[in-house]
Amino acid sequence: MDFRIDKNTFERTLSNVVRIIPPKSPYTILQNIIIEAKNKQLLIQATDLDIFIRKVIPVEVKDEGKVLISGRKILEIVRASNADSIHFKLKELKLLVTAGNARWTIPSLDYQEFPEIPQFPQKKWFDIRNTDLQDMVETTAFMVARDISRRPMNGLLIQAKNKELRFIATDGARLALNKLEKKAEAGDIIVAAKTLDLIGFGKSDENVDFYAEERMMGVKYVDTEIISRLIEGPYPNYEGAIPKEFKGKAIIEKDLLEGALNRVSLVAPPHIKNVRFDLAENKILLAASSSDFGEAKEEIPSLYEGEKLSVWFNAAYVMETMRHLRSNEVILQLTTATTAALVNAKDNDNLLYLLMPLRIDSWE
């Protein structure tokens, strides 16, 4: 194997591929990636056994060949090099790397030890513009459950229903739902959020193709193929959790709410960040207290319709939700102090969030 490649191109590609390498694994072979020079192309593959990624780069190939090498180490070398292009040559199971005046000799492994990559799913499900997919992922995936005991909720539900494509995430205390008008065969899958994080988001005119079979999902775009094992369900009944009627509705300027929440929550217990919302006509009073830090209150204006309500929320959850609503005004709708509140942007009905209130004894 003998090839030369542009440093910046190789670094961008490696950075994306190496993200799949598990930080800890009993299978040390997974710390390595396959680099193959063939037919004027460089093929790079990596896996954590649940997800497989393959990227292709046009490259100047002098001699074809394949090598299994430490993914993170080769990325460190590429990042540290100060030349515009880097030369790679495999000689007797050692990879010789030359960049300017710097040279490295890196031991390689037998590439036949690398896990076999499963067949790419053949049934295409839908395609989606790259920027639309980026919006769907970024506005939902942050609410995926981190508790590994809640396996279905560790993934993102992708659902095609009623001529809509839906992305849903929940950790049990909150829920995110983003919808996009899309004709696709009805169905749903649960996929690890990490799979979607590997997709390189870029130009708006690039399409990303999704393929799905019983236990596998495939993603194909530009220079990349990703194969991911699906997470087994069932997924929680998210539609049943969305309230249909409300007793109070507030329209709030997002920046005002974020600023006030940030200030008031400074005295809230750090492990809960509980802040009380007292909603009444034309105003919301935010309040928090703790034995260690004292009390704080701040009133902000709002357009409010409905009954007076007092509700406790985790301020960190509310502020994180605000950061994903791309609007100057947000709508907060409530039913009771113990049922889920609905949050969405005033000018976007396709994206909504549910936040469960905290059950905390009131204080004056």
Side-chain angles (χ1 to χ4, degrees), residues 1-81 85-99 102-122 192 194-195 197-200 211 215-229:
M1 184 176 74
D2 190 338
F3 68 90
R4 181 176 294 275
I5 189 168
D6 175 76
K7 177 212 169 170
N8 293 331
T9 300
F10 199 34
E11 182 180 347
R12 283 196 305 270
T13 303
L14 282 174
S15 297
N16 185 251
V17 170
V18 166
R19 290 170 60 191
I20 200 175
I21 294 176
K24 294 181 181 180
S25 173
Y27 306 105
T28 56
I29 199 73
L30 301 181
Q31 301 298 312
N32 300 278
I33 63 174
I34 283 184
I35 299 176
E36 181 178 8
K38 183 179 180 181
N39 299 329
K40 297 182 180 181
Q41 291 181 327
L42 196 67
L43 288 72
I44 305 173
Q45 301 175 72
T47 183
D48 64 359
L49 296 183
D50 288 320
I51 308 169
F52 302 80
I53 186 169
R54 180 175 182 262
K55 295 184 79 74
V56 179
I57 316 173
V59 71
E60 176 188 331
V61 177
K62 186 175 181 180
D63 288 318
E64 296 184 350
K66 184 187 291 190
V67 67
L68 182 63
I69 200 85
S70 168
R72 290 195 177 94
K73 185 55 62 179
I74 202 69
L75 176 58
E76 288 175 357
I77 289 172
V78 171
R79 283 176 173 168
S81 63
S85 66
I86 305 176
H87 179 246
F88 293 85
K89 185 175 183 178
L90 183 64
K91 187 175 182 181
E92 297 178 353
L93 291 181
K94 291 184 178 180
L95 186 64
L96 309 180
V97 184
T98 305
R103 290 171 175 78
W104 297 265
T105 302
I106 313 299
S108 68
L109 300 171
D110 182 358
Y111 62 81
Q112 293 182 350
E113 296 180 13
F114 196 72
E116 183 179 355
I117 297 178
Q119 182 180 1
F120 192 91
Q122 298 302 301
K194 182 179 179 180
T195 302
D197 287 341
L198 290 170
I199 297 174
Y211 296 73
R215 295 184 178 179
M216 287 285 185
M217 182 192 80
V219 178
K220 187 181 294 186
Y221 66 97
V222 192
D223 60 355
T224 305
E225 288 185 357
I226 300 172
I227 303 171
S228 177
R229 300 187 195 280

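Any value given below was found using the heavy atoms of this structure, including those in side chains, with hydrogens, waters and symmetry copies removed.
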- request: Kindly indicate, with the supporting measurements, whether the criterion side-chain contact (heavy atoms from CB on, under 4.5 Å) is fulfilled by L90 and D63.
  value: CA-CA 9 Å; L90 183 64; D63 288 318; over 6 Å; no
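- Shown here are the ring pair (Phe, Tyr, Trp, His ring centres under 6.0 Å) partners of F114, two or more places apart in sequence or in another chain: there are none.
- Here K194 pairs with D48 under the salt bridge (charged side-chain N to carboxylate O under 4.0 Å, His left out) rule; sequence neighbours left out.
- Residues meeting the side chain to side chain donor-acceptor pair (under 3.5 Å) test with T195, sequence neighbours left out: S228.
- Distance check: K94 NZ to I69 CD1 gives 11.5 Å after rounding to the nearest 0.5 Å.
- Within the model, atoms CD1 of I226 and CD1 of I53 stand 4.5 Å from one another, a figure rounded to the nearest 0.5 Å.
- With sequence neighbours excluded, no residue satisfies side chain to side chain contact (heavy atoms under 4.5 Å, CB included) with T28.
- Listed by chain and residue number, S85 satisfy the side chain to side chain donor-acceptor pair (under 3.5 Å) test with R4 (two or more places apart in sequence, or in another chain).
- Remark: Y211 pairs with F120 by the ring pair (Phe, Tyr, Trp, His ring centres under 6.0 Å) rule, at least two apart or across chains.
- The line from CD1 of I34 to CD1 of I117 is 6.5 Å long, rounded to the nearest 0.5 Å.
- Checked by atom type and distance alone, the side chain of K7 pairs as donor or acceptor with a backbone atom of S81 at under 3.5 Å.
- Among residues two or more places apart in sequence or in another chain, the salt bridge (charged side-chain N to carboxylate O under 4.0 Å, His left out) test is passed with D223 by K55.
- Looking at every heavy atom in both residues, I227 comes nearest to P118 through CD1-O, 3.3 Å.
- The side chain to side chain donor-acceptor pair (under 3.5 Å) check on Q31 picks up R72, with sequence neighbours excluded.
- Residue pairs that meet the ring pair (Phe, Tyr, Trp, His ring centres under 6.0 Å) test with at least one member in residues 35-60, sequence neighbours left out, do not exist here.
- Across all their heavy atoms, L30 and P115 have their closest contact at CD2-CG, 3.9 Å.
- Taking CG of L75 as the start and OG1 of T13 as the end, the distance is 10.5 Å to the nearest 0.5 Å.
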query: Given V17 and Q45, is the side-chain contact (heavy atoms from CB on, under 4.5 Å) satisfied, shown in steps?
result: CA-CA 7 Å; V17 170; Q45 301 175 72; over 6 Å; no
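- Atoms CD and CD, on Q41 and E36 in that order, are 10.0 Å from each other to the nearest 0.5 Å.
- Going from atom CD1 of I74 over to atom CD1 of I33 covers 7.5 Å, rounded to the nearest 0.5 Å.
- Side chain of N32 to main chain of I29: a donor-acceptor pair is present (N/O by atom type, distance under 3.5 Å, no hydrogens or angles).
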message: Walk me through whether Q112 and L68 qualify under side-chain contact (heavy atoms from CB on, under 4.5 Å).
response: CA-CA 9 Å; Q112 293 182 350; L68 182 63; over 6 Å; no
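- Annotation for K66: atom NZ counts as buried by contact number, over 12 foreign heavy atoms lying within 6.0 Å.
- The one candidate from L14, L95, I106 that meets the side chain to side chain contact (heavy atoms under 4.5 Å, CB included) condition with I77 is I106.
- Qualifying salt bridge (charged side-chain N to carboxylate O under 4.0 Å, His left out) partners for K38, counting only residues two or more places apart in sequence or in other chains: none.
- Within the structure, every pair that satisfies the ring pair (Phe, Tyr, Trp, His ring centres under 6.0 Å) test and touches residues 3-24, not counting sequence neighbours, is listed here: F3-F88, F10-F88.
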- prompt: Going through the distances and angles, do M1 and K89 end up as a side-chain contact (heavy atoms from CB on, under 4.5 Å)?
  reply: CA-CA 6 Å; M1 184 176 74; K89 185 175 183 178; over 6 Å; no
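- Remark: E76 engages K73 in a salt bridge (charged side-chain N to carboxylate O under 4.0 Å, His left out) (not counting sequence neighbours).
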